[in-house]
Each structure stands twice: as structure tokens, then as C-alpha cells.
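Since this is a predicted model, take the numbers as computed values, not measurements.
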Amino acid sequence: MHARQSSLSPRSPEPPLSPLSPLSPLSPLSPQSPQSPQSPQSPQSVPPVAVSRRPPPSDPDPGLVERRGPAVPGRLAVLVGLTALAGAAATLWRTRPLNGAQLLPWQWAALAACAVVTVVAFGGLTRGRTGSAWVLSLFGRYRGTVRRTGLAWVSPFVLRRRIDVRLRHWRSEPISVVDSEGSALRVVVLVVWTVRDTARALYAVDDHLGYLREQVEAAAARVLSQLPADAFRGDTPTLRNAEAVGDALTRMLAAECRPVGIAVFSAQPTRIEYAPEVAAAMQRRQIAALDAKHRDTVLTGVIDAVDDTVTRLTTRGLVELDDFERQALVKDLTVAFYTRRGGPAPQDQE
């Protein structure tokens, strides 16, 4: 008996589907899914844009990381150079070679040492600028990065390359992409980025600026292909939600550029529009969808008003109507209300 009752017991209701259920095979760019219990999503929150699951690119060289390069304050180098010059001048003054005195071997060695120290001390002086850094290399091997500002001394025997480490922004040209329905789009993306690891930006990739541009195009194509540009039926998520699209672009672009030392702070679409070859057709489709939505809204309001009017008349006993009279009253009220609200009067069909 108990087994029979348990078998006839009602099943627990299944949880409602997520608004992004058509994209369930795809996972969002965030570490946790929006349906996970650790991060519940409120009804007012923006649904994330899903992207295909793909492992992030691995580091090209795990040992290639930015480290502090050998550099000393410029004041110390100037002091050493002036001391070497003073030592050379003192040696010459004591020996007085202009009066015919011969220099001893140790005196020649002292003068040579002072000359070498002077050349190295003054030859390594450089000026560090705010927002830039020197990347040092010796015989093709990375030796460090100098981020000092002002006068500094760097060994003159190393190769120095200046790199900009300021916060920069770049606006892309119109990128050709397609949405989930196959409609051709043109999108312009504004990227805010900076060089976080100078060693990887210069040595892990041939051109980090070109790499960033290519990754912007690839990320835009992947993200914008997950949703339609416009929802002509229903309230499904679309690409018009710039916040969700921008968050997805930022996360994907940051993951792709991290191995080459580039930190992406923001990647936002500034303009998403249809391609010229489909713009006219899509505009007509949008106008038709808006007109249908307006008609549906007006008709819903008219039906509610007619139902409320007839209900009040009958419940208060103001009129007594049979089925035929009730249908005629509903028809007349519908025509009157619908015409008054701007809709075309429907033709009488007997």
C-alpha cells in the first residue's frame, strides 16, 4: 500500500528554463555559470552572452616574465664620471708630461682606467620618461626592464628598446561579422588596454599591436555570432544589450592577450549596425515588427476595455442581453474603441 501511494505521489516540479536555454551547449566567459548556486542571478540582472568553450592560450615561454633591469640613479653615474676625470687630471698634473717627463707604466694604466670609467659612466646616461620603459637585451637575451623616470644609468653594452606602458585606447575600423541568424553586421569596438609585461609584449609576439587588432576582430566575430541583432518575435536576448556584449568581449579579449603581456581593461562595441547590402531589408522588417507589436498592444487594450464595459453593464443590472445582443454590443464597442485608438476600423463580416 505504501509503495502504491509513493508511486502515485506527484512529481516535484522541474526548475524553469534559463532565458539563454537555446544557448545551453555554450558556456559564458565568466568562471562560473549564471545558473550555479554560488552566484544566483536576480531577475533584473543582465543575462551574459555565451561563447564557445575553448581553453585559453598557453604561455609561449613560462620563463619569459618581466623583471627589474640593472640600472642606477644618474646622479651616481655623473659623480663616478667626474671622479674619474678628476683622477686623470691629478695624474697628469703630478707627472707634468708637457715639461718632458716620461709617464710610468702604472700611470698610463691609471689614465686608461680613468678614461674607460669616464666613457662608461657618461655613455650609459639616459632619460627615463613617465609612461615608458626601457627593455634591455644582451646578445639576444632578455636582461630586464627599467621603469625609472628622470636621469638614470644603464649599461651602454646592452641594447635598449623603449616601449609605451601608458593606458591607451584604440578604436577599430568597421569589422564584418554575422549574428546568430546569419545577418551581416558591421561593428566598431573601442578597446582600452596597456602593456603589463614588457618582456612578453616585445619577445613573445612579433608585433603586439598587430596581435591586439587581430584578436579584437576574432573576439568580435565569436561573441556577436551567439545572439541575433534584433528580436522580431518574443523578448529573447539580442546584441542591442551593449553591456552584456561588452562584458563578454572584455573577458575574451583579456584572456587572449594575457599571454603576450597585454592587459585589456575594456572592449565595448560603440556601433553595431547592419551591412549596407541588408540594411534596407532589415529596416523594413523592423518597421513591420514594430507595427505588429503596436497593433497587438492596441488590440489587447481594446479587448480589456470591452470586457470591462460589458461586465459592468451586466453585473449592475443596467441591461439584460441575450447571446445575440451581447455579440452585437461587443462588436460595436470593439469597432468604436479600436477606431478611437488609432487603428483602422475592421470591415463588417456577416
Side-chain angles (χ1 to χ4, degrees), residues 15-36 39-56 171-192 212-257 264-294 296:
L17 295 177
S18 171
L20 286 179
S21 56
L23 299 177
S24 56
L26 307 176
S27 61
L29 284 176
S30 57
Q32 295 182 354
S33 175
Q35 288 82 14
S36 60
S39 58
Q41 184 180 357
S42 60
Q44 292 81 9
S45 60
V46 178
V49 179
V51 295
S52 58
R53 178 173 299 179
R54 186 173 64 89
R171 184 186 298 271
S172 70
E173 297 294 331
I175 304 173
S176 300
V177 297
V178 294
D179 63 358
S180 60
E181 296 181 351
S183 301
L185 303 176
R186 297 290 186 272
V187 58
V188 178
V189 182
L190 178 64
V191 183
V192 180
L212 177 64
R213 295 188 182 97
E214 297 295 334
Q215 290 300 326
V216 168
E217 294 184 8
R222 290 179 58 192
V223 172
L224 272 67
S225 64
Q226 304 302 314
L227 294 175
D230 293 291
F232 299 103
R233 298 181 182 88
D235 296 330
T236 59
T238 66
L239 297 177
R240 302 303 176 182
N241 192 339
E243 181 179 358
V245 175
D247 291 343
L249 274 175
T250 302
R251 291 193 297 268
M252 177 178 291
L253 199 58
E256 296 291 339
C257 295
V264 177
F265 296 96
S266 174
Q268 301 294 329
T270 59
R271 186 172 74 249
I272 300 177
E273 59 187 11
Y274 289 102
E277 58 269 18
V278 299
M282 288 301 171
Q283 185 177 9
R284 291 192 297 268
R285 188 177 178 185
Q286 288 177 347
I287 294 175
L290 291 176
D291 184 67
K293 186 176 181 180
H294 174 70
D296 182 71

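Here L224 contributes atom CG and I272 contributes atom CD1; the two are 5.0 Å apart, rounded to the nearest 0.5 Å. Separation of atoms CG (L239) and CG (L185) is listed at 6.5 Å; rounding is to 0.5 Å. Residue L190 holds its CG atom at 6.5 Å from OG1 of T270, rounded to the nearest 0.5 Å. Note that the CG atom of L249 and the CD atom of Q215 stand 12.0 Å from one another [nearest 0.5 Å].
S225 contributes a side-chain N or O that, together with a main-chain N or O of A221, makes up a donor-acceptor pair within less than 3.5 Å.
Between P174 and R271, some side-chain heavy-atom pair lies under the 4.5 Å cut-off.
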Side chain to side chain contact (heavy atoms under 4.5 Å, CB included), that's the test. Do L253 and V189 meet it? Break it down for me. CA-CA 12 Å; L253 199 58; V189 182; 6.0 Å; no
Can you list the steps and then say if V216 with I175 is a side chain to side chain contact (heavy atoms under 4.5 Å, CB included)? CA-CA 9 Å; V216 168; I175 304 173; 4.1 Å; yes
Checking side chain to side chain contact (heavy atoms under 4.5 Å, CB included) for the pair S172/V191: CA distance, chi angles, key distance, verdict? CA-CA 8 Å; S172 70; V191 183; over 6 Å; no
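When all heavy atoms of P228 and P237 are compared, the closest pair comes out as CD-O, 3.7 Å. Between A248 and V223, the shortest heavy-atom contact is CB-CG1, 3.9 Å. Minimum interatomic distance between T250 and F265 (heavy atoms only, all atoms of both residues): CG2-O, 3.7 Å. In terms of heavy atoms, Q268 sits closest to A242 at OE1-O, 3.8 Å. Closest approach of V178 to A184, counting heavy atoms only: CG1-CA, 4.2 Å. In plain terms, the two heavy atoms of P269 and V187 that are nearest each other are CB-CG2, 4.1 Å.
By the side chain to side chain donor-acceptor pair (under 3.5 Å) test, R213 pairs with no residue at all, sequence neighbours left out.
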